[in-house]
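To start, the structure under review is shown below, and the notes come after it.
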Protein chains: 2
Amino acid sequence: MAGWQGVTFLKPSYVELMIEGDCAEVGGILSRVGDKWSVLVVVALADRPLHFNELKRLIDAVSAKVLTSTLKALVRDGFIIRHEISAMPTRVSYELTPLGRDLLTVVRDLALWSVRNRFAIREARKTYDASTPPARRLIKAV
Amino acid sequence: MAGWQGVTFLKPSYVELMIEGDCAEVGGILSRVGDKWSVLVVVALADRPLHFNELKRLIDAVSAKVLTSTLKALVRDGFIIRHEISAMPTRVSYELTPLGRDLLTVVRDLALWSVRNRFAIREARKTYDASTPPARRLIKAV
DNA sequence: CGGCATCCAGACCGATACTG
DNA sequence: CAGTATCGGTCTGGATGCCG
């Protein structure tokens, strides 16, 4: 989630990208976008608010613990809002903020780009794997 | 890098995003974009090819091992090309492919979005942190 | 120079059990 | 229902040393 603290490197020609914002901050946001669960949660909330367990059921590969921390991180960053109804049993719902909707469009563009280029990537991987003996590969096959 | 295998969830309204491409494949590409080192390498190669140690020096927070595996992954996905000159000592240079240049524009757009929204995010975090006792937070502060 | 092999500490993440 | 607490396995990523 963090981990960008020590990174001071920045291409001179790309410094403009980070005007006034340091690499760590932008990096932190980028890794949020690259985070599997965050992306899925944001997409899941695309057209209506959901309760905790509704989210849990939709994204059933996630554990409650991880879903909880993912939601907290998204709330903290201002991408979603937590609504709590103090009753018994408690009901909590999560909803995208305007900022969260903006994030959604970014994620969608990214996904569309992935879809457009997936054949090229798949082909590149096939070629690479064919020319490289499995034993010499460090990375796991996808 | 991988880790999307078990994920079958997809919002019905967003299925179009993944037409013909399954969630795992798109997810794998998304996490590559979210990967700190991959992003930095692609940005570093923006305007000219670089040797291994040039990259290492530019991104000096990375260890040789991780840089190596990052480069392999990027080569495998067809984002960069590895040129090896068999001499003694060996010289190797890495260069963006057209696909890699395309990835670069995507990353740039993402970085620009982060920069545009960084104040909103920073503000949201400040508000959240102020209203939440440190002991009750699961996520690490950034 | 450009790696690869090994070892090791720490982060992450799932499963389980428990609470208001 | 919506979490929290704890434990334990896996996986990542850094440091070091060696090799062509």
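Throughout, a chain's letter reflects where its sequence line sits, starting with A, and its residues are numbered from 1.
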Requested in this report: Mark yes or no for whether A:E123, through its side chain, and A:A120, through its backbone, hold a donor-acceptor pair below 3.5 Å.
Outcome: no
Report summary line: Testing C:dG2, D:dG13, D:dG3 for proximity to the side chain of B:R82, the answer is C:dG2
Report task. Please report, rounded to the nearest Å, how far the P atom of C:dG14 is from the NZ atom of A:K36. Result -> 7 Å
Query raised in the report: To the nearest angstrom, how far is A:K65 atom NZ from C:dA11 atom C1'?
Result: 11 Å
Query raised in the report: Of the nucleotides C:dC1, D:dG3, C:dG3, which has the atom closest to the A:Y94 side chain?
Result: D:dG3
Query raised in the report: Does some side-chain heavy atom of B:V75 sit less than 4.5 Å from a side-chain heavy atom of B:K72?
Result: no
Query - Nearest-nucleotide pick for B:V92, side chain only, options being C:dG2, D:dG14, C:dC13 - result: C:dG2
Query raised in the report: So, does A:S31 use its side chain to make a donor-acceptor pair with the main chain of B:G34 at under 3.5 Å?
Result: no
Requested in this report: Decide side chain to side chain donor-acceptor pair (under 3.5 Å) for A:W113 and A:N117; before the verdict, give the C-alpha distance in whole Å, the side-chain angles of both, and the deciding distance to 0.1 Å.
Outcome: CA-CA 6 Å; A:W113 181 85; A:N117 292 97; 3.2 Å; yes
Report summary line: Per atom distances to the B:P89 side chain, the nearest of C:dC4, C:dC7, C:dC1 is C:dC1
Requested in this report: Measure from CG on A:D60 to P on C:dA15 and round the result to the nearest Å.
Outcome: 11 Å
Query raised in the report: Taking for each residue the nucleotide of DNA chain C bearing the nearest heavy atom, is the 5' side occupied by A:M88 or by A:V66?
Result: A:V66
Query raised in the report: Looking at D:dA2, C:dG2, C:dG14, which one has an atom nearest to any side-chain atom of A:S63?
Result: C:dG14
Report task. Write down the distance between CD (A:E84) and P (C:dG20), rounded to a whole number of angstrom. Result -> 15 Å
Requested in this report: Look at the side chain of B:F52 and decide which nucleotide, out of C:dG14, C:dG20, C:dG2, has an atom nearest to it.
Outcome: C:dG2
Report task. Go through D:dG14, C:dG14, D:dG3 for me and flag the one nearest to the A:T68 side chain. Result -> D:dG3
**Report entry** Atom-to-atom span, NZ of A:K56 to P of D:dC1 - whole angstrom
**Finding:** 12 Å
Report task. Could you say whether B:R91 or A:V62 is positioned toward the 5' end of DNA chain C, judged by the nucleotide with the nearest heavy atom to each? Result -> B:R91
Query raised in the report: Are A:H51 and D:dA2 close enough that a side-chain N or O sits under 4.0 Å from OP1 or OP2?
Result: yes
Report task. Write down the distance between CD1 (B:I85) and P (C:dC1), rounded to a whole number of angstrom. Result -> 14 Å
Query raised in the report: Between D:dG20, C:dG14, D:dG13, which nucleotide gets closest to the side-chain atoms of B:T90?
Result: D:dG20
Query raised in the report: Out of D:dT6, C:dT6, C:dG2, which nucleotide sits closest to the side chain of B:N53?
Result: C:dG2
Query raised in the report: How long is the line joining CD of B:E54 and C1' of C:dG3, in whole Å?
Result: 16 Å
Query raised in the report: Nearest-Å distance, NZ (B:K72) to P (D:dG13)?
Result: 16 Å
Query raised in the report: For B:S38, does its backbone N or O pair with a side-chain atom of B:D35 as donor and acceptor, under 3.5 Å?
Result: yes
